[in-house]
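Residue numbers start at 1 and run along the sequence shown. Just so you know, these numbers use all the heavy atoms, side chains as well, and skip hydrogens, waters and symmetry mates.
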Amino acid sequence: MSTPSSIIQKKRDGKELKKDELREFIQGISSGEVADYQATAFLMAIYFQGMSLEETVALTEAMLESGERYDLSEIQGPKIDKHSTGGVGDKVSLILAPLAASCGLKVPMMSGRGLGHSGGTLDKLESIPGFNVHLTRNEFTQVLNRVGCAMTGQTEKIAPIDKKLYALRDVTGTVECVPLITASILSKKLAEGTEGLVLDVKVGSGAFMKTHQQARKLAQSLIQVAKKMKLPCRAILTSMNQPLGYAVGNAVEVRESIEILKNEKTSEFCSADLKELTIHLCAQMLCLGKVVRNLTEGRKLAHSHLADGSAWKVFQKLVDAQGGNLSKVHPTHSLPLAPQQVTWKAKKRGYIGRMNTEELGKILIDLGGGRKKVSDTIDAAVGMVFYKKLGNKVQIGEPLITLYAQEKTDLSSLEPRFQQAIAISGTRKSVPKLIFEQI
Ligand code: URA
């Protein structure tokens, strides 16, 4: 007879857990028989010892079975979702869900909150006053049917164990772990009832996977487990060597997303990578949903629906359907921005050679835009706006970033951290590609 502590010990000692043991442990978390400290020790044991493919599949299944699984078969149209493994300034979902819906897909999107130094779609959406990310099953399917996309978080009934483990991992140093990320993403995505999934696997200084080798391992784990669970899936490896777009922070990222949805000129320079990645992911989703025959057709369709305002119309419908206050997103300057605004400038001339993107994510947490412990609330109004991307030329005194902080925040210790996180070099180094490969 296994107990929570014997299961933890077995994993700690590097032995393979049986399907029943994993199920028992996960059920114990649900029933309260397994305490949070035991769940955390279990996560740490997995972090150090890893898991076989069979164990990862069993963990994903057990997490999925801990809650309900939505059946969306009555909803017409191909149901395809996208999920990112997490990054800094990654607000793609906010643009992509309405864009893909405007192109003919149904996008049932169940997202997470900020994790470690990375931001979360739910936290971003909640910076729109009134926006409800706690949809019931009925509300979720109704919004999906009516709008074409719905964006929600886990509830007590759907993927509840991921919700719990996600929050524990966030504050216990157990985020960067292939089997845990795999089970977290796929249990949520299988529970929401999607028929296909496009995975944006991030690699680089702001990703959980810092090297191509690690990111490929994660992508392969996700693809293999999805295949075992009969979920059609494709993964692409994309760069997280700098923040995506120009904004990092919750409300400020919603602003940037809206500028792209509205095709505003202000977003043209620093948001080009964000726009390109969104179009590419949309094309992948359209291929998976068989709306188009190939990526070229998919990109064309996505481009035209962004340019003609169709995606923006769907976004407004979505905000309205989920209780958000439309007058706050249009015009965007009604979204909150913290009052203390400071612009930090380049102290050297040269080229932006490297960004420690994880450190930039941590600076946001220190401003109050992310969590240090489970119970922390997020300040949606703090954030950063970047003026330069990797490879750009800078002169001494040119603005690099504007920071939005609360009045009480002492910024004196943050500026040296920021200046260190952005390396300016005398010669222009090659800039990493935005999209590396498809797995
Ligand atoms: N996204 C998730 O949903 N879970 C993880 O563990 C990492 C990214």
Taking salt bridge (charged side-chain N to carboxylate O under 4.0 Å, His left out) as the cut-off, I'd like each qualifying pair that reaches into [range], sequence neighbours left out, listed once.
| range | result |
| --- | --- |
| residues 285-295 | Arg293-Glu297 |
| residues 307-332 | none |
| residues 430-439 | Arg216-Glu437 |

From [atom1] ([X]) to [atom2] ([Y]), nearest 0.5 Å:
| X | Y | atom1 | atom2 | answer |
| --- | --- | --- | --- | --- |
| Ile401 | Trp344 | CD1 | CH2 | 6.5 Å |
| Ser111 | Leu125 | OG | CG | 7.0 Å |
| Glu359 | Leu364 | CD | CG | 12.0 Å |
| Asn294 | Arg299 | CG | CZ | 11.5 Å |
| Cys282 | Leu301 | SG | CG | 7.0 Å |
| Asp162 | Ile26 | CG | CD1 | 10.0 Å |

| message | With salt bridge (charged side-chain N to carboxylate O under 4.0 Å, His left out) as the test, pick out the partner of Glu398 among Lys347, Lys345, Lys388, Arg349. | response |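 With Glu398 as partner, Lys347, Lys345, Lys388, Arg349 yield a single salt bridge (charged side-chain N to carboxylate O under 4.0 Å, His left out), made by Lys388.
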
Output side-chain donor-acceptor pairs under 3.5 Å for residues 137-153, partner residues at least two apart or in another chain, one line each.
| from | atom 1 | to | atom 2 | distance (Å) |
| --- | --- | --- | --- | --- |
| Arg137 | NH1 | Glu68 | OE1 | 2.9 |
| Glu139 | OE1 | Thr136 | N | 2.8 |
| Glu139 | OE1 | Thr136 | OG1 | 3.4 |
| Thr141 | OG1 | Arg137 | O | 3.1 |
| Thr141 | OG1 | Asn138 | O | 3.1 |
| Thr152 | OG1 | Val133 | O | 3.1 |
| Thr152 | OG1 | Leu135 | N | 3.2 |

| field | Pair listing, side-chain hydrogen bond (donor to acceptor under 3.5 Å, both in side chains) test, anchored in residues 419-428, at least two apart | value |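 Sorted pair list: Glu415-Gln419.
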
| side-chain hydrogen bond (donor to acceptor under 3.5 Å, both in side chains) pairs, two or more places apart, involving residues 218-229 |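 Checked against side-chain hydrogen bond (donor to acceptor under 3.5 Å, both in side chains) - neighbours excluded - the pairs reaching residues 218-229 are Thr182-Ser221.
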
Does a donor on one side chain and an acceptor on the other come within less than 3.5 Å for [X] and [Y]?
| X | Y | result |
| --- | --- | --- |
| Lys202 | Thr238 | yes |
| Gln322 | Asn132 | no |
| Thr40 | Thr172 | no |
| Asn250 | Glu126 | no |
| Glu253 | Tyr246 | no |
| Thr402 | Tyr387 | yes |
| Gln340 | Thr409 | no |
| His280 | Gln284 | yes |

Any non-hydrogen side-chain atom of [X] less than 4.5 Å from a side-chain atom of [Y]?
| X | Y | result |
| --- | --- | --- |
| Lys189 | Met109 | yes |
| Arg234 | Cys287 | yes |
| Ser84 | Val92 | no |
| His83 | Leu222 | no |
| Ile158 | Tyr70 | yes |
| Lys163 | Glu156 | yes |
| Leu434 | Leu244 | yes |
| Leu306 | Ile279 | yes |

| task | Just do the side chain to side chain donor-acceptor pair (under 3.5 Å) check on Glu259 and Ser271 with the steps written out, would you? | result | CA-CA 9 Å; Glu259 281 169 17; Ser271 300; 5.3 Å; no

| task | Not counting sequence neighbours, list each pair that qualifies as a ring-ring contact (aromatic ring centres under 6.0 Å, His included) and has a residue in residues 147-196. | result |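 Checked against ring-ring contact (aromatic ring centres under 6.0 Å, His included) - neighbours excluded - no pair reaches residues 147-196.
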
| field | Pairs touching residues 92-118 that satisfy ring-ring contact (aromatic ring centres under 6.0 Å, His included), sequence neighbours left out | value |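 Qualifying pairs, neighbours excluded: His117-Phe208.
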
| message | For Ala226, give me all partners under side-chain contact (heavy atoms from CB on, under 4.5 Å), at least two apart in sequence or on another chain. | response |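 side-chain contact (heavy atoms from CB on, under 4.5 Å) check on Ala226 returns Leu186, Leu231, Cys233.
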
| query | Sequence neighbours excluded, which residues qualify as side chain to side chain donor-acceptor pair (under 3.5 Å) partners of Ser187? | reply |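 Per chain and number, Ser187 pairs via side chain to side chain donor-acceptor pair (under 3.5 Å) with no residue.
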
| task | With sequence neighbours excluded, tell me which residues meet side chain to side chain donor-acceptor pair (under 3.5 Å) with Asn356. | result |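 Result, side chain to side chain donor-acceptor pair (under 3.5 Å) vs Asn356: none returned.
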
| request: May I ask you to check whether over 12 heavy atoms, not counting those of Gln395, lie within 6.0 Å of atom CD? | output: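 Yes, the 6.0 Å shell around CD holds more than 12 heavy atoms from other groups.
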
| message | Atom CD of residue position Glu407 - does it have more than 12 heavy atoms of other residues, nucleotides or ligands inside 6.0 Å? | response |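 Counting neighbours around CD of Glu407, more than 12 heavy atoms of other residues, nucleotides or ligands fall under 6.0 Å, so yes.
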
| query | In terms of side-chain geometry, is the basic nitrogen of Glu358 or Lys210 positioned less than 4.0 Å from the acidic oxygen of its partner? | reply |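 Yes, Glu358 and Lys210 are salt-bridged.
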
| query | Would Asp170 and Arg371 pass as an ion pair if we require N to O under 4.0 Å? | reply |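 Here Asp170 does not pair with Arg371 in a salt bridge, since their nearest N and O are not under 4.0 Å apart.
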
Per-pair distances, 0.1 Å, donor-acceptor, side chain in residues 93-108, under 3.5 Å, sequence neighbours excluded:
| from | atom 1 | to | atom 2 | distance (Å) |
| --- | --- | --- | --- | --- |
| Ser93 | OG | Lys82 | NZ | 3.2 |
| Ser102 | OG | Leu99 | O | 2.7 |
| Ser102 | OG | His305 | ND1 | 3.4 |
| Lys106 | NZ | Gln76 | O | 3.1 |

| Side-chain (Ser30) to main-chain (Ser66) donor-acceptor, under 3.5 angstrom |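 No; judged by distance alone, with no hydrogens or angles, the pair does not exist.
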
| task | Take Val203 and Thr85 through the side-chain contact (heavy atoms from CB on, under 4.5 Å) test and state the conclusion after the steps. | result | CA-CA 9 Å; Val203 54; Thr85 58; over 6 Å; no

Identify the heavy atoms of [X] and [Y] that sit nearest to each other, and give their distance.
| X | Y | result |
| --- | --- | --- |
| Leu335 | Ala251 | CD1-O, 4.1 Å |
| Ile75 | Lys79 | O-NZ, 2.5 Å |
| Met63 | Ile161 | CG-CG2, 3.8 Å |

